[in-house]
2 protein chains.
Amino acid sequence: MSDTDPIRTSPVSMENCGAALAMTVVPDRWTWLILRELFYGVARFADIQDDIGIPKSVLSGRLATMVDTGLIQKEAYRDGTARTRHGYVLTQKGRDLVPVIVALMQWGDKHLKDGTATLDLTDRRTGTPVKAGLVLEGGILPARRLAFAPAAHGDN
Amino acid sequence: MSDTDPIRTSPVSMENCGAALAMTVVPDRWTWLILRELFYGVARFADIQDDIGIPKSVLSGRLATMVDTGLIQKEAYRDGTARTRHGYVLTQKGRDLVPVIVALMQWGDKHLKDGTATLDLTDRRTGTPVKAGLVLEGGILPARRLAFAPAAHGDN
DNA sequence: CAGTATCCGGTGCGATACTG
DNA sequence: CAGTATCGCACCGGATACTG
């Protein structure tokens with residue numbers, strides 16, 4: 001039993017909260033799963049469909065809005081044949097979500113599985129293992145040490 | 001125009017992917033917004049409702065399943081009055097999602113606003129600014145340097 | 001292969017009203 | 001204050017069929 005009054009209202013309004021805004025751009029499960037596919041480098045419509053089991057019509061719609069919101073873009077490429085095909089790739093804006101995806105993945109590995117990862121994430125340069133987390137120089141900051149205060153300039 | 005064949009299938013199946021599993025536990029916008037409130041320390045039913053504008057019945061349902069999935073728990077506390085009230089707090093499992101929330105928030109601040117944060121996140125011990133990201137010792141690893149390979153032990 | 005079109009059934013959202 | 005109950009309607013998911 002705690003004996004202090006809890007906070008009664010969020011320090012940041014919905015319109016000014018990056019997290020809340022982010023939810024409008026990545027609002028549902030399918031969108032996350034598609035991002036995960038593109039993160040893995042799976043680019044083609046039918047391949048994404050097969051991997052995550054999404055109906056074509058839904059995939060079609062999601063891809064369109066993700067292009068609209070600037071998360072992804074269409075890109076042409078050549079496969080073995082003469083025919084030009086095209087797939088989807090993350091934009092920079094989409095790539096900036098990679099830390100979120102990785103954090104989510106590692107959270108799921110820890111709490112929703114036996115704790116073992118199925119994927120080893122490393123620095124492609126040095127091979128050093130990589131983790132997602134809160135960063136200070138020199139290491140990961142535990143969540144409990146995180147403090148927050150309204151920014152000096154912004155209006156909340 | 002890229003000229004290499006893209007990856008045709010995800011290196012990790014849906015059942016073994018922590019990210020995909022995580023989406024089953026935090027499947028929608030409301031759940032994320034509730035997590036955000038609890039992250040801020042807003043604990044009471046009506047306060048959460050007011051902040052994020054969720055219908056009571058929906059909030060009721062979400063809180064129940066979040067308790068079920070172990071993200072949050074009910075906690076009694078004393079307010080000014082004699083009456084015992086109760087609110088919701090993150091469990092350890094829920095708190096482990098903080099890096100995801102922070103990463104999301106900073107992504108939203110960067111891409112969905114003018115680029116300025118409304119909240120300054122710092123180490124509560126030292127006051128040093130905090131960021132979410134991919135971590136190697138000594139700093140943040142850019143997403144482009146991230147490599148992945150199936151884990152040695154796991155079945156994918 | 002990469003979609004669009006159509007349709008139907010269920011979920012679940014959100015409003016309102018009610019209860020301890 | 002903290003929910004539960006009820007309910008109509010919209011939207012979404014998924015199946016199927018069709019097109020370039």
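Below, chains carry the letters A, B, ... as their sequence lines are ordered, and counting in each starts from 1. Computed from a prediction, not measured in an experiment: that's the story for all the values here.
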- A:Asp50 CG to C:dC1 P, straight-line distance once rounded to whole Å: 8 Å

- Task: Using atom CZ of B:Arg29 as one end and atom P of D:dC12 as the other, report the distance to the nearest whole Å.
- Result: 13 Å

- Indicate whether the side chain of A:Thr128 and that of A:Asp123 have a donor and an acceptor atom separated by less than 3.5 Å. no

- Task: Spell out, as yes or no, whether a donor-acceptor pair under 3.5 Å connects the side chain of B:Arg124 to the backbone of A:Arg144.
- Result: yes

- Note on the structure: Looking only at heavy atoms, the pair that brings B:Leu104 and A:Leu97 closest together is CD1-CD2, 4.2 Å

- Message: Rounded to whole Å, how long is the line connecting atom CD1 of A:Ile72 with atom C1' of C:dA2?
- Response: 14 Å

- A:Trp30 atom CH2 is separated from D:dC12 atom C1', nearest whole Å, by 12 Å

- Message: How many whole angstroms separate atom CD1 of A:Ile34 from atom P of D:dG13?
- Response: 10 Å

- Query: Do the rings of B:His86 and B:Tyr88 sit parallel, tilted or perpendicular, given the 30° and 60° boundaries?
  - Reply: perpendicular

- Item | Contacting residues from residues 52-59 of chain B, given that a heavy atom lies under 4.0 angstrom of DNA chain D | B:Lys56, B:Ser57

- Query: Is any side-chain N or O of B:Arg85 closer than 4.0 Å to OP1 or OP2 of D:dC1?
  - Reply: no

- Trace of the side chain to side chain donor-acceptor pair (under 3.5 Å) decision for B:Thr65 with B:Asp68: CA-CA 5 Å; B:Thr65 74; B:Asp68 283 350; over 6 Å; no

- Query: Angle class for the A:Phe148/B:Phe39 ring planes (parallel below 30°, perpendicular above 60°, tilted otherwise)?
  - Reply: tilted

- Nearest-Å distance, CD1 (B:Ile48) to C1' (D:dG3)? 13 Å

- Message: Pairing donors with acceptors under 3.5 angstrom, does anything connect the side chains of A:Thr118 and A:Asp109?
- Response: no

- Query: Dot-bracket for DNA chain D, 5' to 3', with Watson-Crick and G-U pairs under 3.5 Å, [ ] for crossing pairs and | for other-strand pairs: what is it?
  - Reply: ||||||||||||||||||||

- Item | Candidate nucleotides D:dA2, C:dC13, C:dA2, ranked by approach to the side chain of B:Phe45 - the nearest | D:dA2

- Item | hydrophobic_cluster_shared for B:Ile7 and A:Leu35, side chain cutoff 4.5 Å | yes

- Task: Find the distance A:Leu63:CG to C:dC1:P and express it as a whole number of Å.
- Result: 16 Å

- Message: Heavy-atom nearest nucleotide on DNA chain D for A:Arg62 versus A:Arg8: which residue maps closer to 5'?
- Response: A:Arg8

- Note on the structure: B:Asp50 meets the side chain to side chain donor-acceptor pair (under 3.5 Å) criterion, sequence neighbours left out, with none

- Query: In whole Å, what is the span from the CD atom of A:Gln49 to the P atom of D:dA15?
  - Reply: 10 Å

